[in-house]
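First comes the structure, then the notes that go with it.
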Amino acid sequence: MATADDEEDFAALFAASEQAKPRERAIKAGDVVRGRVIAVGATSAFVAVGAKAEAAIDLNEFRDPETGAVTLKVGDELEATVVDDGTRSGSLVLKRVAGRGGHVPGELEQAFAAGIPIEGLVAGENKGGFDVQLGSVRAFCPASQMDRRRGEPAQYLGQRFRFRITKLEANGRNIVVSRRQLLEDEAAAQAATTWADLREGAVVAGTVTSLREFGAFVDLGGVEGLIHVSELGHVRVTNPADVLQVGQRVEAKVVKLERGAGGGPGRIGLSLRALAPDPWDTVRERFPVGTTSRGVVRRLEQFGAFVELAPGIDGLVHISRMVLERRIAHPRQVVSIDDEVDVTGVEIDTDKRRIGLSMVESAKRAKDAAEADERRDTEAHLAKPGEDQKLGSFADLLAKTRRDRP
């Protein structure tokens, strides 16, 4: 029979054992908890978040915005924030952790495993990239993976694109996607088709993708060609931006085609000039030899000045034809760049695309005309009636003087 002392010892031991047992930490509002879905109701799902605790979470947080279908199912694991620890409603209430996923629909897992593209909405911009909504799940797309070339972030926001999932970790809390991979795959397939159709001399259409000081790059469909600055037109161009702009659609002629060895990238030379009317075709009719035209000095060299007669047509005024009756050491002693001058064509060679010009022909003609006028005046004066009898020659005057002597 147990004594009073024995009962006291048992009570002390029981109390000590109860104190030694690990106690579950009380869940409080603001805690982030992990759990497993144990039931899905009409408006809420019930989640087991501990040995004896259950919580409710609104199904609208897992509803596809397009179809309205709930993507949460029994057995799914998720991570959520406690918004009510029971002090207000008498039960635990959860809210999905913003921007961290916590639930991975089966279609995303399949898309990741098989590399299948999925559609997503670019919902916002963040440090280093973009937030992309994949149904009810938020993913991250690095800025470098949004496009083949960096663009302004605003042009992507609110747009729907296809993406490829490149990383899916931590049960959906870390999802990374790429649009660039899909674009490059599509470009590679398109490039193969484009290369198969390209021929020198063909006229192709494309979009200007970038401008450099040496020319413009044009996307022909997965491959790029270069319009060198010298092929932008018959007019001399110093800045391609004066002629083209990024995004502009153009037609150009293929003037050079170098296919890459072993299937590697090749080179495509394009020309706008080849499709434009050649101003030299009508140069003889527009500027016949002997006619005077007004032009603009565009370039000075030691041997003369180049004068633009019309867009794409330059002629040379040799230094010996710049001034009359004196010699100069350099054309800058007479003219400057952008001066307007009157020039006369003295020779044309259309095969070599050369026009010889002169700045002194008008002056020569004026001088010759003045000399001719002076000669005509002298001859007219000498031919007046009675002048011979009145004056006579020097010999006649001498003979008359002798006859008049006594």
Side-chain angles (χ1 to χ4, degrees), residues 199-204 208 211-218 225-244 250-258 267-324 328-365:
R199 299 288 185 276
E200 281 193 24
V203 177
V204 294
V208 178
L211 300 174
R212 298 288 187 271
E213 64 276 5
F214 53 82
F217 286 97
V218 178
L226 172 65
I227 306 176
H228 191 267
V229 65
S230 63
E231 294 294 335
L232 289 173
H234 292 287
V235 180
R236 185 183 298 274
V237 177
T238 56
N239 183 4
D242 294 337
V243 181
L244 300 172
V250 296
E251 281 193 344
K253 186 174 183 178
V254 179
V255 293
K256 185 177 182 180
L257 197 60
E258 295 181 359
R267 296 180 180 179
I268 304 171
L270 304 174
S271 174
L272 296 181
R273 187 180 67 172
L275 298 181
D278 190 346
W280 282 86
D281 291 343
T282 58
V283 70
R284 289 188 180 276
E285 292 77 14
R286 297 170 65 188
F287 307 103
V289 171
T291 59
T292 299
S293 307
R294 173 148 290 208
V296 180
V297 177
R298 294 303 187 192
R299 186 159 52 101
L300 299 178
E301 300 291 348
Q302 185 71 38
F303 51 83
F306 286 92
V307 177
E308 182 185 63
L309 300 176
I313 300 178
D314 289 354
L316 172 65
V317 181
H318 192 269
I319 193 170
S320 63
R321 291 171 172 164
M322 300 192 78
V323 291
L324 276 177
I328 59 175
H330 196 281
R332 62 172 170 264
Q333 295 175 252
V334 180
V335 295
S336 301
I337 300 295
D338 294 333
D339 279 356
E340 290 190 0
V341 294
D342 289 327
V343 291
T344 302
V346 294
E347 58 181 344
I348 296 177
D349 187 337
T350 53
D351 292 335
K352 295 182 179 180
R353 292 178 177 257
R354 293 177 181 175
I355 299 180
L357 302 174
S358 172
M359 292 170 56
V360 299
E361 294 305 309
S362 296
K364 280 183 178 179
R365 286 198 294 265

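The basis for the numbers below is simple: all heavy atoms, side chains too, and nothing from hydrogens, waters or symmetry mates. Since we're looking at a predicted model, the values are computed, not measured.
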With sequence neighbours excluded, what pairs up with H330 under the side chain to side chain donor-acceptor pair (under 3.5 Å) test? R332
Can you tell me how far apart CZ (R212) and CD1 (I227) are? Round to the nearest 0.5 Å. 14.0 Å
A side-chain contact here means heavy atoms from C-beta on lying under 4.5 Å apart; do M359 and V334 qualify? yes
For the CZ atom of R273 and the NE2 atom of H234, what is their distance to the nearest 0.5 Å? 6.5 Å
Smallest separation among heavy atoms of I313 and P279, with atom names: CD1-O, 3.6 Å
Can you check whether L309 reaches L357 side chain to side chain, under 4.5 Å on heavy atoms? yes
Nearest 0.5 Å, what's the OG1-CD distance between T238 and E213? 11.5 Å
Just do the side chain to side chain contact (heavy atoms under 4.5 Å, CB included) check on R294 and E340 with the steps written out, would you? CA-CA 7 Å; R294 173 148 290 208; E340 290 190 0; 3.5 Å; yes
For L226 and L270: C-alpha separation, side-chain torsions, deciding distance, then whether side chain to side chain contact (heavy atoms under 4.5 Å, CB included) applies. CA-CA 6 Å; L226 172 65; L270 304 174; over 6 Å; no
Minimum-distance pair of heavy atoms, taken over all atoms of R298 and D338: NH1-OD1, 3.2 Å
Closest contact, heavy atoms only, V243 versus L232: CG1-O, 4.4 Å
For the student: nearest non-hydrogen atoms of V255 and S271, plus distance: CG1-CB, 3.6 Å
Check the pair L272 / L244 against side chain to side chain contact (heavy atoms under 4.5 Å, CB included), numbers first and verdict last. CA-CA 11 Å; L272 296 181; L244 300 172; 4.1 Å; yes
For D351, side chain to side chain contact (heavy atoms under 4.5 Å, CB included) partners two or more places apart: D349
Using 0.5 Å steps for rounding, measure from the CG atom of D342 to the OG atom of S358. 11.5 Å
Nearest heavy atoms of V335 and A305, plus distance in Å: CG2-CB, 4.3 Å
Any side-chain heavy atom of R284 sitting closer than 4.5 Å to one from I348? yes
Take D278 and R353 through the side chain to side chain contact (heavy atoms under 4.5 Å, CB included) test and state the conclusion after the steps. CA-CA 11 Å; D278 190 346; R353 292 178 177 257; 2.3 Å; yes
Go through the structure and list residues passing side chain to side chain donor-acceptor pair (under 3.5 Å) with E301, not counting sequence neighbours. R299
Closest non-hydrogen atom pair between V235 and P311, with its separation: CG2-CB, 3.4 Å
Short question: side chain of W280, backbone of K352 - any donor-acceptor pair under 3.5 Å? no
Which distance, rounded to the nearest 0.5 Å, do you find between the CG of L316 and the CD of E347? 9.0 Å
